[in-house]
Amino acid sequence: MRAVEVKEFGGPEVLAVVDAPEPVAAAGEVLIRVATADVGFLDLLLRSGAGKEYFPVHPPFVPGSVVAGTVITAGPGVDTAWIGRRVATPTASSGVGGGSPTGGYAELALAKADTLVEVPEEVNLVQAAALVSDGRTAIAVADRANIQPGDRVLITAAAGGLGTLLIQLARAAGAEVIAAARGEAKLALAQRLGAQHVVDYSEPGWVERVRALSGGGVQVVLDGAGGAIGTATLAATARGGVILGYGNAAGGFAPFDPESVAAQGVTVVSLFDIADPAADWKSMQEQALREVAAGRLEVVIGQTFPLDDAVAAHEAIAARAAIGRTILTV
């Protein structure tokens, strides 16, 4: 099979298409003929070597932790009824060391049977791949935020895959949404999805603008940016508000001064607080798929690339040029 391999840590140029042995489904696993593979910021970190302190990957490896496609074989102990079904799922492994061909950037990939979610007919496999991570995380973040009708909600990185879903979920909950992103195209997308106000956080004074638009501060911050942008949202939050930080693309998860947070009576909830291993993540993914199938939730796919152009996909994300979700088509 054809696969994209990281031969050594480095920039996008270290990604190379190779011929790899076909993986074989072990007990509890299935083999999927991949139609689409999600490309996430984590993939860039692992390719560069920056994420190795958290994820023990060693080149050569096949990146990609999420795929959608069709089950073609079932390993021992797996219900053969899965064979032939369209599914979206995390892969069994991101290819940890030894060139293990189990990541998603490949024509075939392994997945654990207990992570499989069947894709409704109304949802295509590009959308389905985009929802494996973002769909369930958006549901979890929105549930934890407990947004009430009339709440003023600030969403940073609002034009990303997760941000675009959260705009829609916040509006459905009755919130007044202020979407923050960088550049006219991203702000226009946020408005089209329902944000009543947009702010460009690459411009000076953006926090003051948020405070003015919200009448002195928002009740809820959904921070997908992190870094200095995320930290600055504290000044845009009303007393007694809540900040949920789930993104780190702007330079790590946002650090907050505990004394400043306490003085303002703000509750800060991190991704690690939200990402409860005991949560029913599969159910939340299924919920997101149902919302898309019913036409109540739009999945924004900003760009797709064929498998051979994985380098271009990584370059687009690194340049902050990507809007919505980025998907490889196989």
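Here the structure is a predicted model, which means the values were calculated and not measured.
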Sub-3.5 Å donor-acceptor pair from the side chain of [X] to the main-chain atoms of [Y], do we have one?
{"X": "Gln191", "Y": "Ala188", "answer": "no"}
{"X": "Gln148", "Y": "Asn146", "answer": "yes"}
{"X": "Arg239", "Y": "Ala263", "answer": "yes"}
{"X": "Gln168", "Y": "Thr164", "answer": "yes"}
{"X": "Glu107", "Y": "Met1", "answer": "no"}
{"X": "Arg211", "Y": "Gly217", "answer": "no"}
{"X": "Ser283", "Y": "Asp280", "answer": "no"}
{"X": "Glu291", "Y": "Ala288", "answer": "no"}
{"X": "Asp200", "Y": "Gly183", "answer": "yes"}
{"X": "Arg33", "Y": "Gly69", "answer": "no"}

(request) Tell me yes or no: between the side chains of Asp223 and Thr233, is some donor less than 3.5 Å from an acceptor? (result) no
(request) Tell me yes or no: between the side chains of Thr137 and Asp134, is some donor less than 3.5 Å from an acceptor? (result) no
Separation between [atom1] of [X] and [atom2] of [Y], rounded to the nearest 0.5 Å:
{"X": "Arg144", "Y": "Asp273", "atom1": "CZ", "atom2": "CG", "result": "5.5 Å"}
{"X": "Thr237", "Y": "Phe256", "atom1": "OG1", "atom2": "CZ", "result": "7.5 Å"}
{"X": "Phe305", "Y": "Glu315", "atom1": "CZ", "atom2": "CD", "result": "9.0 Å"}
{"X": "Asp43", "Y": "Asp38", "atom1": "CG", "atom2": "CG", "result": "7.0 Å"}
{"X": "Thr70", "Y": "Ile32", "atom1": "OG1", "atom2": "CD1", "result": "9.0 Å"}
{"X": "Glu286", "Y": "Arg136", "atom1": "CD", "atom2": "CZ", "result": "11.0 Å"}

(request) Indicate if Ile167 and Val220 have the same hydrophobic cluster label, given that clusters are the connected sets of ILVMFWY residues with side-chain heavy-atom separations under 4.5 angstrom. (result) yes
(message) Checking Thr304 now: which residues fulfil side-chain hydrogen bond (donor to acceptor under 3.5 Å, both in side chains) with it, not counting sequence neighbours?
(response) none
(request) Apply salt bridge (Lys or Arg N to Asp or Glu O under 4.0 Å) to the pair Glu298 and Arg192, showing each step before the final yes or no. (result) CA-CA 11 Å; Glu298 176 182 344; Arg192 183 180 69 74; 2.8 Å; yes
(message) Test side-chain contact (heavy atoms from CB on, under 4.5 Å) on Thr73 and Val30; report intermediate values, then the result.
(response) CA-CA 6 Å; Thr73 62; Val30 300; over 6 Å; no
(message) Tell me if the centroids of the rings in Phe253 and Tyr246 come within less than 6.0 Å of each other.
(response) no
(request) Give a yes/no verdict on a cation-pi contact between Arg209 and Trp206, requiring under 6.0 Å between NZ or CZ and the six-membered ring centre and an angle within 45° of the axis. (result) no
(message) Within the supplied structure, the quantity of interest is the number of heavy atoms (other residues, nucleotides, ligands) at a distance under 6.0 Å from Glu184 CD; does it exceed 12?
(response) no
Considering only heavy atoms from C-beta outward, does the side chain of [X] approach that of [Y] to under 4.5 Å?
{"X": "Leu15", "Y": "Arg47", "value": "yes"}
{"X": "Val34", "Y": "Leu108", "value": "no"}
{"X": "Val39", "Y": "Ile327", "value": "no"}
{"X": "Leu169", "Y": "Ile139", "value": "yes"}
{"X": "Val6", "Y": "Pro60", "value": "no"}
{"X": "Ser48", "Y": "Phe9", "value": "no"}

(request) Applying side chain to side chain contact (heavy atoms under 4.5 Å, CB included) between Thr89 and each of Val71, Val67, Val117, report the one that passes. (result) Val67
(message) Among Val210, Ile243, Val153, Asp151, exactly one meets side chain to side chain contact (heavy atoms under 4.5 Å, CB included) together with Val218. Which residue is that?
(response) Val210
(message) Under the criterion salt bridge (Lys or Arg N to Asp or Glu O under 4.0 Å), I'd like the reasoning laid out for Asp308 against Arg2: C-alpha separation, chi angles, the key distance, then a yes or no.
(response) CA-CA 9 Å; Asp308 290 348; Arg2 292 164 62 250; 2.2 Å; yes
(message) Suppose we screen for side chain to side chain contact (heavy atoms under 4.5 Å, CB included). Which residues come up paired with Asp257, at least two apart in sequence or across chains?
(response) Glu259, Ser260
